[in-house]
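Okay, so here's the structure we're looking at.
Everything numeric here is computed off the predicted structure, so don't read it as measured data. If you read the sequence from its start, that first residue is 1, and numbering goes on from there.
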Amino acid sequence: QVQLVESGGGSVQAGGSLRLSCVASGYTWHSDFCMGWFRQAPGKEREGVAGIDANGRTTYADSVKGRFTISQDSTKNPLILQMNSLDPEDTAMYYCAATRDYVYLVPGGPKRHEFTYWGQGTQVPVSP
């Protein structure tokens with residue numbers, strides 16, 4: 001059974017930084033894996049923030065490009081999202097997601113329907 005557990009969220013002021021971590025269990029990092037970060041603000045749809053595939057290719061939402069970085073070390077676990085220059089518009093619940101299916105990452109961030117496994121989320125409130 002795949003489990004994804006996020007951590008690292010918390011209150012931060014605008015301009016600050018946070019580092020989110022996602023630890024996976026029961027998941028196999030085979031040659032076609034893909035993982036990502038999504039977020040959902042109150043009253044809004046869940047949107048893709050950043051994705052990474054088995055070859056290290058990445059994609060970012062236009063709104064976070066240049067400020068957020070998705071990464072994994074050689075062990076692939078945990079999945080990291082480094083968030084810099086945070087803005088109140090970044091306030092949301094942040095979710096880690098994974099899939100065992102091949103995903104062709106396109107510019108503009110990962111797509112929700114392509115991911116199978118989801119964490120419970122970690123809250124990121126950014127104050128002005």
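- In terms of heavy atoms, Gly51 sits closest to Pro110 at N-CD, 3.8 Å.
- Closest non-hydrogen pair, Tyr60 versus Ile70, comes out as OH-N, 2.9 Å.
- A continuous path of Ile, Leu, Val, Met, Phe, Trp and Tyr side chains, each step under 4.5 Å between heavy atoms, connects Val49 with Tyr117, placing both in one hydrophobic cluster.
- At least one donor-acceptor pair under 3.5 Å links the side chain of Asn77 to the backbone N or O of Ala24.
- Partners of Asp73 by salt bridge (Lys or Arg N to Asp or Glu O under 4.0 Å), not counting sequence neighbours: none found.
- Ser17 approaches Asn84 most closely through the heavy-atom pair OG-OD1, 3.0 Å.
- Here Gln82 contributes atom CD and Ser21 contributes atom OG; the two are 11.5 Å apart, rounded to the nearest 0.5 Å.
- Between atom CE of residue Met35 and atom CG of residue Leu79 there is a gap of 5.0 Å, rounded to the nearest 0.5 Å.
- Classified by interplanar angle (parallel below 30°, tilted 30° to 60°, perpendicular above 60°), the ring pair Tyr27/Trp29 is perpendicular.
- In this structure, Thr116 and Thr99 approach most closely via the heavy-atom pair OG1-OG1, 3.7 Å.
- Linking ILVMFWY side-chain heavy atoms closer than 4.5 Å, directly or via other members, places Phe68 and Leu20 in a single hydrophobic cluster.
- In this view, Arg57 and Asp53 satisfy the side-chain hydrogen bond (donor to acceptor under 3.5 Å, both in side chains) rule, not counting sequence neighbours.
- Phe115 meets the ring pair (Phe, Tyr, Trp, His ring centres under 6.0 Å) test with Phe38; sequence neighbours excluded.
- Looking only at side-chain heavy atoms (C-beta outward), Arg19 and Met83 stay at 4.5 Å or farther from each other.
- Smallest separation of non-hydrogen atoms from Val2 and Gly26: CG2-O, 3.3 Å.
- Proximity of Leu86 to Leu18: side-chain heavy atoms (C-beta onward) are separated by under 4.5 Å at one or more points.
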Checking side-chain contact (heavy atoms from CB on, under 4.5 Å) for the pair Val124/Val126: CA distance, chi angles, key distance, verdict? CA-CA 6 Å; Val124 177; Val126 183; 4.0 Å; yes
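- Closest approach of Ala50 and Leu81 over heavy atoms only: CB-CD1, 4.1 Å.
- Within the structure, every pair that satisfies the side-chain hydrogen bond (donor to acceptor under 3.5 Å, both in side chains) test and touches residues 36-50, not counting sequence neighbours, is listed here: Arg39-Glu47, Arg39-Ser63, Arg39-Asp90, Arg39-Tyr94, Gln40-Arg46.
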Output side-chain donor-acceptor pairs under 3.5 Å for residues 5-16, partner residues at least two apart or in another chain, one line each.
from, atom 1, to, atom 2, distance (Å)
Glu6, OE1, Gln120, N, 3.2
Glu6, OE1, Gly121, N, 2.9
Glu6, OE2, Cys96, N, 2.8
Glu6, OE2, Gly121, N, 3.2

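- With hydrogens and angles disregarded, a donor-acceptor distance shorter than 3.5 Å links the side chain of Thr59 to the backbone of Gly109.
- Here the OG1 atom belonging to Thr69 is positioned 11.5 Å from the CD1 atom belonging to Ile80, to the nearest 0.5 angstrom.
- The salt bridge (Lys or Arg N to Asp or Glu O under 4.0 Å) search around Glu114 returns none, not counting sequence neighbours.
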